[in-house]
Protein chains: 2
Amino acid sequence: MSEPLSALMAISSALGRFNKKMDRVLSVHGISFTDFQVLEQLAQSPNQVMSRIELAEATNLTASGITRLLLPMEKVHLVEKEKNNRDARVSLVKLTTTGNEVYQNALVTSQNFSDNTMQYLTAKQVEQLRVLVGKLS
Amino acid sequence: MSEPLSALMAISSALGRFNKKMDRVLSVHGISFTDFQVLEQLAQSPNQVMSRIELAEATNLTASGITRLLLPMEKVHLVEKEKNNRDARVSLVKLTTTGNEVYQNALVTSQNFSDNTMQYLTAKQVEQLRVLVGKLS
DNA sequence: GATCAAAACTTGAATAATCAAGCTTTGATC
DNA sequence: GATCAAAGCTTGATTATTCAAGTTTTGATC
């Protein structure tokens, strides 16, 4: 097996484990890792508003997947629908106050868990890892 | 957002993309990336035989997930069941000749794709990436 | 040799995500 | 201003996966 494939399989496996653990630690906030990624994206964006297509792109989900992921999040008022006056096709997703609170709490949990996951790496190595991963096409 | 969390989110996203692309490129062989991981594990193991529990561990799936993943693979004869004479609880999974052929072909495809994914990394960087990921706990 | 907790599954029910098809709206072109 | 391809969704059907519960078998302990 070539080194690149072998390396990618190992990384994929390690990240698979990480994703599942994230799901478990975030479950105390009543959200999945994917939910967290959505909250994260919204919290980061200018007016805490994004279109479903933008969210799909950011989370590696399909438009369909986003529609279905958001349904329960809307039901518990983490996010809410908003119209785009310039384009009626677009259904905007806005972070609510509740959503932001849950995000802030989940952020602390996620950071603690991530710090722990990377405890055997120096700050420089973390940066290096990020740079190397950034080179993947 | 802390650096470790930010880095892990970026890596997770990059690997999410990679996994989906792998699924797409492997679909020409009629298998998913998860199927490939199973074939890979079996091909690598001593007698091309493993228990379901070992496969579950190696693929980050549950025992239940493995049972259901293998059903269609058994149906198209990529793998077959075998008894463990020492322990009747165990249901062994054996790579068939057909399975090995599909694996060899899929391996070429996977390697090409992986080489391409890592084309902007030197051999040393690939190795470095693997070492850094290996430090994640 | 009986008892019993734990291991290695399988199965039913539920959740997560996809794909393909369809709907509405947009923006460009005639 | 009509036409039409493409964008931005939503929905039905399907696949992938999980969890919880149940089954059989094992191995240790009494």
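Note that this is a predicted model, so its numbers are computed, not measured. Every chain is numbered from 1 and lettered A, B, ... according to where its sequence line falls, protein lines coming before strand lines. Hydrogens, waters and symmetry mates play no part in the numbers below; they use all other heavy atoms, side chains included.
Not counting sequence neighbours, the partners of A:Glu54 by the side chain to side chain contact (heavy atoms under 4.5 Å, CB included) test are A:Met50, A:Ser51. For A:Thr34, the side chain to side chain donor-acceptor pair (under 3.5 Å) test picks out no residue, with sequence neighbours left out. With sequence neighbours excluded, no residue satisfies salt bridge (charged side-chain N to carboxylate O under 4.0 Å, His left out) with A:Glu57. Among residues two or more places apart in sequence or in another chain, the salt bridge (charged side-chain N to carboxylate O under 4.0 Å, His left out) test is passed with A:Asp87 by A:Arg89. Partners of A:Glu127 under the salt bridge (charged side-chain N to carboxylate O under 4.0 Å, His left out) rule, at least two apart in sequence or in another chain, do not exist in this structure.
Sorted by first then second residue, the salt bridge (charged side-chain N to carboxylate O under 4.0 Å, His left out) pairs that include residues 128-137 of chain A, not counting sequence neighbours, are A:Arg130-B:Glu3. The salt bridge (charged side-chain N to carboxylate O under 4.0 Å, His left out) pairs that include a residue from residues 11-35 of chain A number zero, where partners must be two or more places apart or lie in different chains. Pairs passing the side-chain hydrogen bond (donor to acceptor under 3.5 Å, both in side chains) check and including a residue from residues 72-81 of chain B, sequence neighbours excluded, read B:Arg52-B:Glu74.
Within a heavy-atom distance below 4.0 Å of DNA chain C, no residue of residues 23-31 of chain A is found.
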Donor-acceptor pairs under 3.5 angstrom involving side-chain atoms of residues 98-106 of chain B: please list them, not counting sequence neighbours.
| from | atom 1 | to | atom 2 | distance (Å) |
| --- | --- | --- | --- | --- |
| B:Tyr103 | OH | B:Glu40 | OE1 | 2.7 |
| B:Asn105 | ND2 | B:Glu101 | O | 3.4 |

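Across all strands shown, D:dC30 forms a Watson-Crick or G-U wobble pair, both distances under 3.5 Å, with C:dG1. Pair check for D:dT17 finds C:dA14; Watson-Crick or G-U wobble, both atom distances under 3.5 Å.
In summary, contact between chain B and DNA chain D, defined as any nucleotide atom under 4.0 Å from a heavy atom of the protein, begins and ends at D:dT17 to D:dT26 in the 5' to 3' direction.
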Checklist entry - Which parts of nucleotides 9-17 of chain C does protein reach within less than 4.0 Å, heavy atoms only, written one letter per nucleotide 5' to 3' as B for base, S for sugar-phosphate only and - for none? => result SBBBB---S
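Using a 4.5 Å heavy-atom cutoff, the side chains of A:Leu92 and A:Lys83 are not in contact.
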